[in-house]
Amino acid sequence: MMLNDKTGLGHLTEILIQRGITELIISPGSRNAPIVTEFCKRSEFNCLTIVDERSAAFFALGMAQQLRKPVVIACTSGSAALNYAPAIAEAYYQQVPLLVLTADRPAEWIDQGDGQTIRQKDVYANYIKKSVQLPQSLKYQNDLSYSNRLISEALNACVYPTPGPVHINLPFTEPLYGFDSATSVRPKDFTITQATNFLTEEVLDALINEWNQSGNKLILAGQMHPNSELEKQLIQLSEKHDVVVMSETTSNVSHESFIMHIDRTLSAMSGKKTPYIPDLLITIGGTIVSKRIKAEFRQAGIKKHWHVDVGALPMDTFQKLSRVIPILSTDLFSQMLPMLPRQNARFTSLWHALDAKAKTNHKKFLQNCAYSDLKILEQVFIHIPPGYDIQLGNSTPVRYAQLFDFKESFRFDSNRGTSGIDGSLSTAAGAAFASNRPTVMLTGDLGFFYDSNALWNKHLPSKLKIIIINNEGGNIFRFIEGPDSTGFMDDYFEARHRTSAKHIALAYDIDYMEVSDMEGLNKQLTLFFRPSEKAAILEINSPAEENAKVLRNYFKVLGQ
Ligand SMILES: Cc1ncc(C[n+]2csc(CCOP(=O)(O)OP(=O)(O)O)c2C)c(N)n1
Ligand SMILES: [Mg+2]
């Protein structure tokens with residue numbers, strides 16, 4: 001029996017094929033030559049190549065977010081591996097399955113003056129679901145069993161109990177080229193079965209009891225994949241059981257009976273807040289964009305807070321957490337719903353009155369609103385054709401998006417796991433590539449320039465449309481309290497600049513349009529969304545100081 005470190009790699013390849021994990025992004029290098037050779041010779045793999053590892057990892061994240069199965073990224077040793085880190089952290093907190101393969105030197109050569117060599121074992125330790133290092137020399141059948149077991153464990157952790165990133169570090173001894181990986185030994189794998197979790201009768205009774213004893217109930221939905229079954233259950237809860245359902249664009253559940261513009265609605269509140277506070281708060285899904293709801297609920301006299309999530313961190317976002325329910329929210333509601341009493345709309349009516357007031361004021365304000373990011377985004381959302389997926393850049397785009405009404409039910413994604421501005425464009429490119437659906441990315445200027453290497457990509461899909469709101473810096477720092485008072489606003493917070501995306505578009509051979517006023521915007525928006533042969537950028541220039549004034553005014557008017 002011929003065994004060497006490439007046998008382990010050969011088995012990894014086999015096991016991935018058996019599991020149908022076939023999307024792979026390679027970033028070039030020499031230490032990872034064995035990975036390239038083993039994977040790319042197999043027709044089962046769809047091998048892409050992206051040079052910038054930071055961008056490659058975010059591209060993979062976008063793919064995995066859409067495909068909902070692990071996508072593999074593979075790079076060489078050294079700082080290449082560190083550049084995967086931002087996307088790994090995002091995947092960890094957004095629960096997206098990424099399989100990270102890093103080639104490494106054998107242990108005896110770490111810290112001995114070789115090039116591209118750093119300590120790679122456990123390098124992502126704080127935000128990875130599992131890290132394994134495959135044995136570098138396989139002499140006996142036992143070594144191979146061990147290697148296979150590590151592979152199975154890593155692949156299982158990538159999807160169970162919730163998806164996330166896992167790391168397999170692969171130390172390779174030379175030769176890196178022209179090696180023989182053939183073996184007569186078949187790889188052994190074990191999978192993990194995702195079980196549906198049902199509550200025991202006793203637990204269900206306790207939950208129903210707690211429900212019945214609680215007065216006002218509110219469900220707050222964080223970031224989630226579209227889920228029509230859950231959406232139906234939430235509609236039933238809000239319409240028949242007087243439960244206020246709050247959702248954001250990134251929750252991907254929507255209905256007229258929900259409160260879907262949290263900040264807008266909260267701004268309409270005047271007078272006493274207590275009638276609006278739930279006794280029982282139930283949170284489902286991941287992170288929540290709205291800072292206001294966090295601030296309100298942290299202060300409020302909420303009596304009980306259930307957080308429903310399979311195996312996730314027990315997030316006590318409001319410091320009121322009283323119960324973690326580690327099952328799918330659909331499983332929880334399907335068991336609870338038949339046992340819940342019907343209730344007349346009282347708490348929901350209260351919230352809907354507030355929502356209606358905010359909506360009227362919102363409409364009035366926007367009718368006479370000056371050219372600014374608020375007005376621009378209103379127009380952008382009106383023009384996005386049905387069937388588009390929307391990727392929201394961090395900073396203000398994802399926040400503005402929470403203020404508008406949508407006629408269509410679009411799919412929304414955003415890197416809200418860690419809310420970085422460092423990979424949103426690459427994520428959008430990967431998402432559009434994998435979904436093959438028309439996709440629009442709404443990004444700020446700093447976010448765009450930060451991640452412009454996303455465009456340095458042979459696989460850039462023509463269905464990707466990029467809208468840059470260029471307000472010449474980080475406009476968010478003009479809204480939040482604080483930066484203004486330091487005297488360092490322009491240079492050290494906003495990072496004011498006059499860079500344009502025009503020549504970047506030219507460099508990467510991407511269609512480009514630019515507008516700087518309302519008239520131009522309306523004209524170009526219609527043209528911009530026509531199908532095109534290349535990815536396209538629309539750069540919308542906007543007035544930084546005016547934006548801040550308009551938005552402050554807007555929130556004031558909502559409460560009138
Ligand atoms: C990687 C990373 N670095 C820094 C930040 C802090 N940050 C949050 S928003 C922001 C400004 C973003 O500016 P831009 O993309 O132009 O959006 P705008 O605020 O103008 O909407 C910065 C620097 C971050 N979120 N992520
Ligand atoms: Mg900006």
Side-chain angles (χ1 to χ4, degrees), residues 52-55 57-58 61 82-94 127 223 249-250 263 287 289-291 371-378 380-381 390-404 414-428 440-455 466-484 486 488-501 504 514-516 537-552 554:
D52 177 337
E53 286 88 4
R54 183 196 47 78
S55 178
F58 276 110
L61 176 98
L82 291 179
N83 277 291
Y84 278 163
I88 292 174
E90 178 60 34
Y92 183 77
Y93 287 102
Q94 204 190 122
Y127 35 83
Q223 181 164 27
T249 57
T250 40
D263 285 5
T287 54
V289 179
S290 172
K291 279 189 184 157
Y371 180 75
S372 60
D373 285 358
L374 184 71
K375 188 70 191 169
I376 289 167
L377 281 157
E378 179 204 39
V380 165
F381 288 128
I390 303 179
Q391 291 269 342
L392 298 168
N394 276 311
S395 198
T396 66
V398 69
R399 298 191 180 279
Y400 276 113
Q402 311 305 327
L403 303 175
F404 298 99
S414 181
N415 282 349
R416 294 305 294 176
T418 65
S419 304
I421 57 164
D422 45 355
S424 296
L425 188 54
S426 298
T427 305
V440 58
M441 166 71 196
L442 303 181
T443 174
D445 45 293
L446 295 193
F448 173 81
F449 293 117
Y450 197 128
D451 191 22
S452 62
N453 264 8
L455 307 178
I466 301 158
I467 295 184
I468 308 167
I469 315 286
N470 192 341
N471 45 33
E472 304 185 346
N475 211 228
I476 192 145
F477 298 113
R478 292 199 171 269
F479 305 141
I480 56 177
E481 305 282 326
D484 211 10
T486 62
F488 299 125
M489 168 66 109
D490 289 18
D491 286 342
Y492 300 111
F493 290 96
E494 192 183 24
R496 199 69 180 251
H497 68 90
R498 299 296 301 270
T499 317
S500 149
I504 292 183
E514 183 182 12
V515 296
S516 302
I537 292 176
L538 173 63
E539 183 165 26
I540 307 174
N541 299 309
S542 81
E545 284 82 5
E546 184 75 10
N547 290 335
K549 263 189 243 155
V550 168
L551 195 68
R552 277 208 196 102
Y554 166 79

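Every value quoted in this text rests on a predicted model; they were computed, and no experiment measured them. Here, residue 1 is the first one in the sequence, and each next residue gets the next number. Indexing begins at 1, ligand by ligand and atom by atom, following the structure's order.
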Within the protein, flag every N or O under 3.5 Å from an N or O of ligand 1, and note the pair and distance.
from	atom 1	to	atom 2	distance (Å)
ligand 1	15 (O)	Leu446	N	3.4
ligand 1	15 (O)	Gly447	N	2.8
ligand 1	16 (O)	Asp445	N	3.1
ligand 1	16 (O)	Asp445	OD1	2.9
ligand 1	16 (O)	Leu446	N	2.9
ligand 1	16 (O)	Gly473	O	2.9
ligand 1	17 (O)	Ser395	OG	3.4
ligand 1	19 (O)	Ser395	OG	2.5
ligand 1	19 (O)	Asn475	N	3.0
ligand 1	19 (O)	Ile476	N	3.0
ligand 1	20 (O)	Asn471	OD1	2.9
ligand 1	20 (O)	Asn471	ND2	3.1
ligand 1	20 (O)	Gly473	O	2.9
ligand 1	20 (O)	Asn475	N	2.8
ligand 1	21 (O)	Thr396	N	3.3
ligand 1	21 (O)	Thr396	OG1	2.4
ligand 1	25 (N)	Ser419	O	3.1
ligand 1	26 (N)	Ile421	N	3.0

* Asked: Hey, is the main chain of Gly393 close enough, under 3.5 Å, to the side chain of Ser424 for a donor-acceptor pair?
  -> no
* Asked: Under 4.5 Å between any side-chain heavy atoms of Asn475 and Glu494, yes or no?
  -> yes
* Quick one: do Arg54 and Asp451 make a salt bridge, cutoff under 4.0 Å? -> yes
* Any idea how Phe404 and Phe381 line up, ring-wise: parallel (<30°), tilted (30 to 60°), or perpendicular (>60°)? -> tilted
* Asked: What's the verdict on salt bridge (Lys or Arg N to Asp or Glu O under 4.0 Å) for Arg478 and Asp490, showing C-alpha distance, side-chain angles and the deciding distance?
  -> CA-CA 10 Å; Arg478 292 199 171 269; Asp490 289 18; 3.3 Å; yes
* Asked: Any sub-3.5 Å donor-acceptor pair from Glu539's side-chain atoms to Ile468's backbone N or O?
  -> no
* Before giving the answer on side-chain hydrogen bond (donor to acceptor under 3.5 Å, both in side chains), spell out for Thr418 and Glu90 the whole-Å C-alpha distance, their side-chain angles and the decisive distance to 0.1 Å. => CA-CA 5 Å; Thr418 65; Glu90 178 60 34; 3.1 Å; yes
* Asked: Is it true that a side-chain atom of Arg498 and a backbone atom of Glu472 form a donor plus acceptor pair closer than 3.5 Å?
  -> no
* To do: Taking only Lys NZ, Arg NE, NH1 and NH2, and the carboxylate oxygens of Asp or Glu, determine whether Glu545 and Arg496 approach each other closer than 4.0 Å.
  => yes
* Structure fact -> Taking 2.8 Å as the strict upper bound, the Mg ion (ligand 2) has protein N, O or S neighbours numbering 3
